Amino acid sequence: MKKQTDIKEKKYIKATNETREAFINAFFMLAHKEKIYQITINEIADIAGYNRATFYRYFVDIYALVEYAEDEFLQDMRATIEEKCKGAETGERQFFETLIQCFRKNKYRVSVLLSEENRSHFLRRINENISNNISLLDVNAPKKRAVRDIYFFGVFYAISINLQSRDALSDEDLLDIIQNLFDKWYRPEMGFGEQ
């Protein structure tokens, strides 16, 4: 009896995830054509193949859908960073290379999440997420927080713009710029290496 219940539960979870993903995919399809906060729930439901009532079982509104999509990206980013940068020998270059890979892997969705209407919100969430999960970036002094925020907002923005650009820099060139700023500005401003 328990085995049969487990199978039914797994099927339900799979169907639930597929339905949620259908709404998310429909949203991103529309978001590549129009401003994200002008998309209607009816449009999303029509493309996803469900009705409005089903949409509301998963999301309160468009903002909740966007936040869910951001959460998915942030969880994937965190997991990828933890996996690829867990060694003691990992430096900031490996960290930023991993970040670029995360943005590139999710380019289709990231380009929407970093659209004009949502950019500052999403960059703030990325910054908070990175800062809260990497001890090196955990700072209490107001000046150091400002330096960290300026540096990382700039890096995240540069990565996202570079991925969307037709004449983009190579990842290597972008990493060189990020590393140069880290070594010549961020590190001294944060007092790394000082006794």
Side-chain angles (χ1 to χ4, degrees), residues 14-84 95-134 148-171 173-175 177-178:
K14 182 180 179 201
T16 298
N17 290 340
E18 288 172 357
T19 304
R20 182 182 295 111
E21 200 59 30
F23 286 123
I24 292 170
N25 287 334
F27 166 77
F28 280 104
M29 186 185 315
L30 289 164
H32 280 280
K33 298 175 187 166
E34 56 187 285
K35 294 186 179 236
I36 62 176
Y37 295 116
Q38 292 178 352
I39 297 170
T40 68
I41 291 168
N42 282 339
E43 289 175 302
I44 294 170
D46 286 346
I47 289 176
Y50 296 95
N51 59 36
R52 285 175 59 93
T54 305
F55 176 92
Y56 287 117
R57 283 189 214 145
Y58 294 89
F59 305 104
V60 175
D61 55 21
I62 299 289
Y63 297 98
L65 186 150
V66 170
E67 190 155 322
Y68 185 88
E70 289 176 348
D71 289 342
E72 282 187 318
F73 173 79
L74 293 170
Q75 289 168 2
D76 180 56
M77 182 182 72
R78 223 179 11 256
T80 303
I81 289 170
E82 286 172 9
E83 177 190 325
K84 293 191 176 188
F95 170 79
F96 285 113
E97 187 173 9
T98 302
L99 238 132
I100 289 171
Q101 290 168 2
C102 290
F103 274 71
R104 187 172 300 289
K105 180 173 108 181
N106 296 287
K107 180 179 177 179
Y108 181 76
R109 289 187 177 188
V110 167
S111 65
V112 169
L113 296 173
L114 287 168
S115 63
E116 262 184 63
E117 309 95 322
N118 199 55
R119 182 178 300 133
S120 62
H121 176 262
F122 189 44
L123 286 174
R124 187 176 63 252
R125 289 200 68 206
I126 293 171
N127 192 42
E128 288 168 358
N129 199 274
I130 295 268
S131 300
N132 293 336
N133 290 291
I134 298 172
R148 179 197 63 201
D149 290 348
I150 289 167
Y151 178 73
F152 282 95
F153 268 79
V155 167
F156 301 141
Y157 183 73
I159 291 171
S160 64
I161 293 301
N162 194 58
L163 287 176
Q164 296 172 38
S165 177
R166 288 189 189 140
D167 58 346
L169 294 170
S170 70
D171 288 355
D173 287 343
L174 184 58
L175 282 167
I177 292 168
I178 292 168

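Everything numeric in this text was worked out from a predicted model, so none of it was measured.
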Are the side chains of Leu163 and Val110 in contact, using a 4.5 Å heavy-atom criterion?
no

Assess the residue pair Arg124 and Asp149 against the criterion (salt bridge (Lys or Arg N to Asp or Glu O under 4.0 Å)); give the C-alpha distance rounded to whole Å, side-chain angles, the decisive distance to 0.1 Å, and a yes or no.
CA-CA 9 Å; Arg124 187 176 63 252; Asp149 290 348; over 6 Å; no

Hey, does Ile126 have a side-chain heavy atom less than 4.5 Å from the side chain of Phe73?
yes

Could you give me the CA-CA distance, side-chain angles and deciding distance for Glu43 and Asp46, then say whether side-chain contact (heavy atoms from CB on, under 4.5 Å) is met?
CA-CA 5 Å; Glu43 289 175 302; Asp46 286 346; 5.9 Å; no

Nearest heavy-atom pair of Asn118 and Leu113: which atoms, and what distance?
ND2-O, 2.9 Å

Is any side-chain heavy atom of Arg20 less than 4.5 Å from a side-chain heavy atom of Phe59?
yes

Please find the pair of heavy atoms, one from Phe23 and one from Ala45, that lie closest to each other, and give the distance.
CE2-CA, 3.9 Å

Donor-acceptor side-chain pairing of Asn51 and Thr54 below 3.5 angstrom
yes

Between atom CD of Glu97 and atom CZ of Arg104, what is the distance when rounded to the nearest 0.5 Å?
11.0 Å

Correct closest heavy-atom pair for Ser120 and Phe153 would be O-CE2, 4.4 Å

Just verifying a value: how many Å separate Ser170 OG and Ile100 CD1, rounded to the nearest 0.5 Å?
9.0 Å

With a 4.5 Å cut-off on side-chain heavy atoms, are Met29 and Asn25 touching?
no

Value for CG (Asp171) from CD (Gln101), rounded to nearest 0.5 Å, stands at 8.0 Å

Short question: side chain of His32, backbone of Tyr108 - any donor-acceptor pair under 3.5 Å?
yes

Main-chain N/O of Glu117 paired with Lys35 side-chain donor or acceptor, under 3.5 Å
no

Looking at every heavy atom in both Ala48 and Ala22, which two are closest together, and how far apart are they?
CB-O, 3.6 Å

Working note: Leu99 + Phe156, criterion side-chain contact (heavy atoms from CB on, under 4.5 Å); need CA distance, chi angles, decisive distance, verdict.
CA-CA 9 Å; Leu99 238 132; Phe156 301 141; 3.5 Å; yes

Reported CD1-to-CG distance for the pair Ile159 and Leu169, which is rounded to 0.5 angstrom
11.5 Å

Separation of Glu72 CD from Asp76 CG (nearest 0.5 Å)
9.0 Å

Indicate yes or no: at least one non-hydrogen side-chain atom of Val112 is less than 4.5 angstrom from one of Phe27.
yes

Would you indicate whether the side-chain heavy atoms of Ile39 and Glu34 approach each other to under 4.5 Å?
yes

Could you report the tightest heavy-atom contact between Ile44 and Leu30, atom names first, then the distance?
N-CD1, 3.8 Å

With side chains defined as the heavy atoms from C-beta onward, is the minimum distance between Tyr58 and Ile24 less than 4.5 Å?
no

Check whether any side-chain heavy atom of Ile41 lies under 4.5 Å from a side-chain heavy atom of Tyr56, and answer yes or no.
yes

Which heavy atom of Glu70 sits nearest a heavy atom of Phe122, and at what distance?
CG-CD1, 3.4 Å

To the closest 0.5 Å, what do you measure between CZ (Phe103) and OG1 (Thr98)?
12.5 Å

